[in-house]
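Worth saying up front: this structure is predicted, and the values here are computed from it rather than measured. Ligands are counted one by one from 1 in listed order, and the atoms in each one are counted from 1 as well.
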Amino acid sequence: MAEVQRTFVAIKPDGVERGLIGEVVNRFERRGLKIVGMKLLKVSREMAETHYGEHKGKPFYEGLVSYITSAPIVGMVLQGKDAVTLARNVIGATNPLNAAPGTIRGDLAIEIGRNLVHGSDSPESAKREIGIFFKDSELVNDWTRTVEKWIAE
Ligand code: IDP
Ligand code: MG
């Protein structure tokens, strides 16, 4: 049974610098996911270390923290049935070299260290990541879209 979930998606600094905010947001909107939170922010080193804690000690970790803190990101909370998997599928494989055409990374990126977008990998990660980037008061919890019945049964 499909479950309504929330996921944390971020347009990373390369996406913001390259003027791809609209292009990326558009892909999630068109797919049918509901945006319940969105903001532009500069990620602090502390936030980056919390968010990417699982990668601490890996060879790419320092570069990753420096990349994600180098320019603003756009953080989003997206909601929908199976939102976590759905968003990961819209984003594509971690290494853009292996990302399918039609995915964000497969269409717009070429390298793993500049892969444009982040998406939570599980409902538990989503919960944790949403908590890093958003206060509950910044999320719209009391909105039913009028188009909802045309997107999901
Ligand atoms: P994901 O973003 O698809 O979930 P993860 O394995 O969780 O992929 O890695 C987090 C991020 O760390 C990637 O999106 C990418 O920006 C960066 N990263 C992962 N592996 C490498 C690497 O080998 N070199 C450079 N950056 C990497
Ligand atoms: Mg990940």
Side-chain angles (χ1 to χ4, degrees), residues 1-136 138-140 152:
M1 225 344 230
E3 178 200 353
V4 175
Q5 298 172 339
R6 284 183 173 182
T7 188
F8 174 70
V9 165
I11 304 171
K12 295 178 178 181
D14 44 342
V16 174
E17 287 274 357
R18 290 173 57 194
L20 294 173
I21 296 172
E23 164 80 37
V24 170
V25 172
N26 192 232
R27 288 168 179 244
F28 294 106
E29 275 193 302
R30 281 189 304 177
R31 190 68 192 266
L33 287 168
K34 179 164 84 163
I35 301 167
V36 296
M38 178 154 67
K39 66 176 166 185
L40 182 82
L41 74 148
K42 190 95 189 301
V43 178
S44 66
R45 175 149 189 124
E46 197 184 354
M47 285 166 93
E49 288 186 348
T50 309
H51 177 66
Y52 282 128
E54 64 173 306
H55 298 298
K56 201 172 170 112
K58 295 184 185 170
F60 61 84
Y61 178 74
E62 278 306 323
L64 176 59
V65 169
S66 131
Y67 162 48
I68 208 72
T69 56
S70 62
I73 68 158
V74 173
M76 284 175 269
V77 178
L78 304 176
Q79 183 176 309
K81 281 186 184 167
D82 291 318
V84 169
T85 302
L86 204 71
R88 296 272 294 187
N89 290 345
V90 170
I91 291 167
T94 303
N95 189 339
L97 193 58
N98 305 320
T103 63
I104 294 169
R105 289 168 174 164
D107 287 348
L108 303 170
I110 57 174
E111 263 193 19
I112 194 164
R114 295 289 182 269
N115 63 0
L116 276 174
V117 191
H118 167 83
S120 308
D121 63 8
S122 69
E124 296 69 41
S125 303
K127 216 171 183 154
R128 190 181 74 83
E129 293 170 358
I130 290 167
I132 298 171
F133 293 93
F134 287 90
K135 297 186 204 127
D136 195 54
E138 293 174 314
L139 303 176
V140 177

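Aromatic pair Y52/Y61: centroids not less than 6.0 angstrom apart.
Relative to the ring axis of F134, K39 places its NZ or CZ within 45° and under 6.0 Å from the centre.
With rounding to the nearest 0.5 Å, the separation of OG in S125 from CD1 in I130 is 10.5 Å. Rounded to the nearest 0.5 angstrom, K12 NZ and S70 OG are separated by 11.0 Å.
The shell of residues lying under 4.0 angstrom from ligand 1, judged by heavy atoms, excludes K58. Ligand 1 lies out of reach of R114, whose nearest heavy atom is not under 4.0 Å from it.
Nearest-heavy-atom check against atom 13 (C) of ligand 1 across N115, D14, V65 picks out N115. When F60, Y67, Y61 are checked for heavy-atom proximity to atom 21 (C) of ligand 1, F60 turns out nearest. When the heavy atoms of V117, L64, L116, T94 are ranked by distance to atom 8 (O) of ligand 1, first place goes to T94.
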### Steps toward side chain to side chain contact (heavy atoms under 4.5 Å, CB included) verdict (T50, R128)
CA-CA 10 Å; T50 309; R128 190 181 74 83; 4.3 Å; yes
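Summary of contacts: the protein heavy atom closest to atom 7 (O) of ligand 1 is H55 NE2, 3.0 Å. Ranking the protein heavy atoms by distance from atom 16 (O) of ligand 1 puts K12 NZ, 3.0 Å first.
Two residues are said to be in side-chain contact when any heavy atoms from C-beta on lie closer than 4.5 Å; E129 and H51 meet this criterion. Looking only at side-chain heavy atoms (C-beta outward), V77 and T7 stay at 4.5 Å or farther from each other.
At a heavy-atom cutoff of 4.0 Å, ligand 1 is contacted by the side chain of R105 but not by its backbone.
Interface of R88 with ligand 1, defined as ligand atoms under 4.0 Å from a residue heavy atom, comprises 1 (P), 3 (O), 4 (O).
For E54, no nitrogen or oxygen atom sits less than 3.5 Å from a nitrogen or oxygen atom of ligand 1, counting backbone and side chain alike.
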